[in-house]
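Quick note: numbers below take in every heavy atom, side chains included, and nothing from hydrogens, waters or symmetry partners.
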Amino acid sequence: MSGHRARNIVFVFSDQHRWCSTGFGGSRQVRTPYMDRMADEGVVFDLAVSNIPVCTPWRAALLTGQYPLTTGMFMNDVRLPADRPTLGTVLRAAGYDTAYIGKWHLDGPSRSGFTPPGPRRQGFDFWAVGNCTHDYMRSLYYRDSEAPLYWDGYDAEAQTSLAIDYIRARSRDRPFALVLSWGPPHNPYDAVPARYLDLYPPEEVEVRPNCPDPARTDLAGYYAHITALDDQLARLGGVLDELGLMDETIFVYTSDHGDMLGSQGRQRKQHPWDESIRVPFVMRCPDQADQAAQADQAGQAGQAHAGLRIGTPFNVVDIMPTLLGLAGIPVPGSCEGRDHAPAVRGEAFTGNDAAYIMSIAPFSEYRGQPWRGIRTAGHTYVRNLDGPWLLYDNREDPCQLSNLAGREEYADLQRRLDDQLHQEMARRGDALLPAGHYLERFGYEVNEAGAIPHDNAVPPPGRRGSPDHGGTT
């Protein structure tokens with residue numbers, strides 16, 4: 001453990017939660033009191049970016065620390081190869097109990113299929129997982145047999161209950177690493193308990209200035225999901241406090257990508273605007289072992305730099321090396337991201353100049369051109385196949401209302417950012433070619449929506465979950 005106290009990891013992420021729909025991210029309406037408390041008491045990456053803002057590619061980058069063109073994981077519904085180190089395999093090799101609960105979406109086109117014990121679980125031993133579903137009130141999952149199980153009620157609540165049971169059962173003699181993956185606030189936006197919908201009357205919902213034709217009912221349901229998830233995060237954090245584990249646990253909340261919800265006249269994800277690429281990333285983190293020991297002796301919490309806000313870009317490929325760095329575990333050489341643990345510890349750290357962002361082979365809700373871009377602390381710059389497409393000054397124009405691309409007075413800025421983007425592309429061996437080039441290179445066949453054909457068939461009724469599994473009987 002490289003001189004560090006052994007640390008648990010509780011890594012929680014949702015699906016499609018954008019940065020601006022949190023209290024600590026600037027919303028005046030969305031109720032996220034526990035996330036806001038985590039921000040006050042812990043560390044926030046203010047510019048956490050989803051490199052390729054869609055589900056399967058983000059999850060693959062999370063687990064491997066590698067970019068999509070390295071893994072081939074740039075489409076939904078393809079299987080993550082089991083031939084490289086992952087967060088799960090590295091932690092297990094370091095002596096951790098490993099667990100994964102919730103949505104997986106890394107096991108190929110059978111969204112309702114069973115992932116058997118073994119390499120396809122990527123190092124996670126405790127397993128209560130559905131590959132992909134958004135039926136939040138009757139959500140399918142599996143344990144260690146092919147018998148389908150169903151979460152009881154709102155799946156995020158049932159999944160959190162099982163996560164709490166898992167934590168309570170852990171021995172203090174061995175560290176554990178738990179990944180909890182929630183499906184909301186991804187649409188359907190109304191699949192949330194009524195008590196949360198009641199908090200957000202559609203006619204009163206907060207609308208972004210860049211949203212010309214708001215779907216208020218969708219926004220209300222989206223905000224309701226987020227508040228429901230905040231309550232579940234609070235339950236989880238409460239148990240860590242109750243068991244005295246908070247000050248020896250790296251506790252993270254984030255999301256895989258955002259949701260346009262009508263901003264820029266667009267929906268969902270795969271877009272380069274902040275509503276799609278920018279996500280919350282907040283963590284409670286133990287301090288260094290010697291500092292924590294001093295704090296324990298003084299009867300104080302051993303937490304790293306409460307209220308620290310880190311403003312440099314933090315990309316999804318940086319998550320795995322950063323978690324390992326904080327836990328004192330060597331980072332595999334296969335990782336292409338950077339270990340930002342020094343920044344979390346408050347040490348001198350330069351950080352990333354930019355987060356590299358992309359859409360390689362657009363599909364389903366976004367059928368526009370492929371694009372590549374960079375999100376720096378101050379600017380967003382994006383090219384598509386036709387050339388420069390978007391340029392925003394995000395400090396002066398945080399809602400990205402004024403596209404500066406092609407304007408003569410910003411030619412020098414555009415040239416500098418274009419050079420920076422091409423340097424990133426050269427580092428990744430990426431030439432911004434049409435989607436067909438990459439589909440052929442990796443042998444992917446797509447349907448009329450440009451997507452990998454997938455199977456949503458629900459298995460026939462079998463044994464259902466028992467109460468201790470968070471399922472129904």
Side-chain angles (χ1 to χ4, degrees), residues 18-20 45-54 57-58 61 65-70 74 256-258 260 263-264 266 269-279 281 310-319 321-322 335-338 340 343 349-362 366 368-407 410-433 438:
R18 61 191 189 180
W19 158 267
C20 59
F45 282 92
D46 273 322
L47 192 48
V49 170
S50 180
N51 158 254
I52 182 166
V54 69
W58 185 93
Q66 294 181 325
Y67 283 94
L69 287 179
T70 301
F74 55 87
D256 58 354
H257 53 77
M260 296 301 294
S263 288
Q264 310 289 349
R266 312 296 176 102
K269 59 272 189 180
Q270 299 189 65
H271 303 286
W273 291 281
D274 272 3
E275 288 84 3
S276 173
I277 66 166
R278 193 176 179 190
V279 295
F281 196 103
I310 299 170
T312 50
F314 182 69
N315 213 334
V316 57
V317 293
D318 301 321
I319 297 174
T322 299
C335 281
E336 295 173 336
R338 297 182 65 191
H340 289 243
F349 182 71
T350 304
N352 292 325
D353 292 330
Y356 183 41
I357 56 176
M358 61 181 64
S359 174
I360 294 169
Y366 173 61
Q369 291 192 28
W371 52 264
R372 307 291 190 274
I374 51 173
R375 178 56 161 93
T376 74
H379 297 92
T380 297
Y381 176 68
V382 184
R383 294 179 66 94
N384 61 21
L385 297 176
D386 292 333
W389 174 28
L390 301 173
L391 171 57
Y392 295 105
D393 182 334
N394 295 312
R395 292 192 175 104
E396 296 295 324
D397 180 22
C399 290
Q400 300 177 319
L401 293 166
S402 180
N403 182 9
L404 309 178
R407 291 170 55 171
Y410 296 98
D412 288 344
L413 172 64
Q414 180 172 314
R415 190 176 303 110
R416 290 197 303 273
L417 292 170
D418 195 63
D419 288 344
Q420 189 174 354
L421 172 58
H422 278 93
Q423 290 170 17
E424 292 284 350
M425 294 172 64
R427 275 194 285 270
R428 301 271 64 84
D430 185 358
L432 180 51
L433 298 172
Y438 298 102

Of all heavy-atom pairs linking T380 and P272, the shortest is CG2-O, 4.1 Å
Can you tell me how far NE2 of H422 sits from CZ of R383, rounded to the nearest 0.5 angstrom?
4.5 Å
Only counting residues at least two apart or in another chain, list the ones meeting side-chain contact (heavy atoms from CB on, under 4.5 Å) with A405.
L391, N403, Q414
For S50 and D256, indicate whether the former's side chain and the latter's backbone hold a donor-acceptor pair under 3.5 Å.
yes
So, taking the atom named CD1 in I374 and the one named CG in D353, what distance separates them when rounded to the nearest 0.5 Å?
9.0 Å
Closer than 3.5 angstrom, by distance alone: can the side chain of R18 be matched with the main-chain N or O of M260 as a donor-acceptor pair?
yes
Return the CZ to CG distance between F45 and D318, rounded to the nearest 0.5 Å.
8.0 Å
Criterion side-chain contact (heavy atoms from CB on, under 4.5 Å) on R266 and E275, from CA distance to verdict:
CA-CA 10 Å; R266 312 296 176 102; E275 288 84 3; over 6 Å; no
So do T376 and Q420 actually touch side chain to side chain, heavy atoms under 4.5 Å?
yes
Across all chains, not counting sequence neighbours, the side-chain contact (heavy atoms from CB on, under 4.5 Å) partners of A411 are E408, R415
Could you tell me whether the side chain of N384 and the main chain of W371 form a donor-acceptor pair under 3.5 Å?
no
Does the side chain of P57 come within less than 4.5 Å of M358's, by heavy atoms?
no
Close side-chain approach of Q270 to S359, heavy-atom, < 4.5 Å:
yes
Roughly how far, to the nearest 0.5 Å, is OH of Y381 from CG of L413?
9.5 Å
Quick one: does E336's side chain have a donor or acceptor within less than 3.5 Å of a partner on Y67's backbone?
yes
Do P68 and N51 come within less than 4.5 Å of each other through their side chains, counting heavy atoms only?
yes
Donor-acceptor pair, side chain of N315 and main chain of Y356, under 3.5 angstrom
yes
Keeping the roles fixed (side chain from Y392, backbone from R395), state whether a donor-acceptor pair exists under 3.5 Å.
no
Using 0.5 Å steps for rounding, measure from the CD1 atom of I52 to the CG atom of L69.
7.5 Å
Can H379 and D393 be said to form a side-chain contact (heavy atoms from CB on, under 4.5 Å), step by step?
CA-CA 5 Å; H379 297 92; D393 182 334; 4.1 Å; yes
Minimum heavy-atom separation for Q400 to D274, with atom names?
OE1-N, 3.0 Å
Where P313 and A355 come nearest, the two heavy atoms and their spacing:
CB-N, 3.7 Å
Between L47 and T312, is the side-chain contact (heavy atoms from CB on, under 4.5 Å) condition met? List the steps.
CA-CA 6 Å; L47 192 48; T312 50; over 6 Å; no
Give the intermediate values and the outcome of side-chain contact (heavy atoms from CB on, under 4.5 Å) for residues T322 and R338.
CA-CA 7 Å; T322 299; R338 297 182 65 191; over 6 Å; no
Are any non-hydrogen side-chain atoms of I310 and H340 less than 4.5 angstrom apart?
no
When rounded to the nearest 0.5 angstrom, what is the spacing between CZ in F74 and OH in Y438?
9.0 Å
